[in-house]
Amino acid sequence: IPKKFQSASKTTTTTTTTTTTQQSPLPWKEVWKIMKSKGWTWKGPVGLMTGYRYIKPGCKIKSGQQDIDYFNSEEAVQRFARNVYGWGIRHDTIEALEQIIGEHAK
């Protein structure tokens with residue numbers, strides 16, 4: 001291509017980057033509020049314990065299993081909510097969490 005035509009034949013490429021924002025999970029306070037409305041309870045510290053225990057609907061600490069029927073820390077019950085209810089993963093609306101938590105409470 002002759003030099004005088006080269007600048008006209010050059011192709012300019014524009015790259016567009018699309019940024020998707022990931023929706024933040026519902027705050028834990030909202031999730032716990034839903035869980036309590038579906039039958040979850042908590043008990044304060046006993047003896048040398050310093051934290052709360054979170055108890056699934058229909059379960060008791062004495063006859064239950066730790067990390068299945070009750071949880072000895074907020075982190076443990078949050079992990080359960082993520083793994084079982086999909087909090088912050090699959091179900092990130094109040095309505096979706098209410099439905100899935102209600103189904104598990106039956």
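Side chains included, hydrogens not; waters and symmetry mates left out as well; all remaining heavy atoms used.
Counting heavy atoms from C-beta on, the side chains of Ile101 and Trp87 never come closer than 4.5 Å.
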Under 3.5 Å, which donor-acceptor pairs link side chains of residues 34-48 to any protein atom two or more places apart or in another chain?
unit_1	atom_1	unit_2	atom_2	d
Ser37	OG	Ile34	O	2.7
Trp40	NE1	Tyr85	OH	3.1

Sequence neighbours excluded and cut-off under 3.5 Å, please list the side-chain donor-acceptor pairs for residues 52-71, or say none.
unit_1	atom_1	unit_2	atom_2	d
Lys56	NZ	Ile68	O	3.1
Gln66	OE1	Asn72	ND2	3.0
Asp69	OD2	Gln65	N	2.8

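Gln99 and Glu95 are not linked by any side-chain donor-acceptor pair at a separation below 3.5 angstrom, with hydrogens and angles left out of the test.
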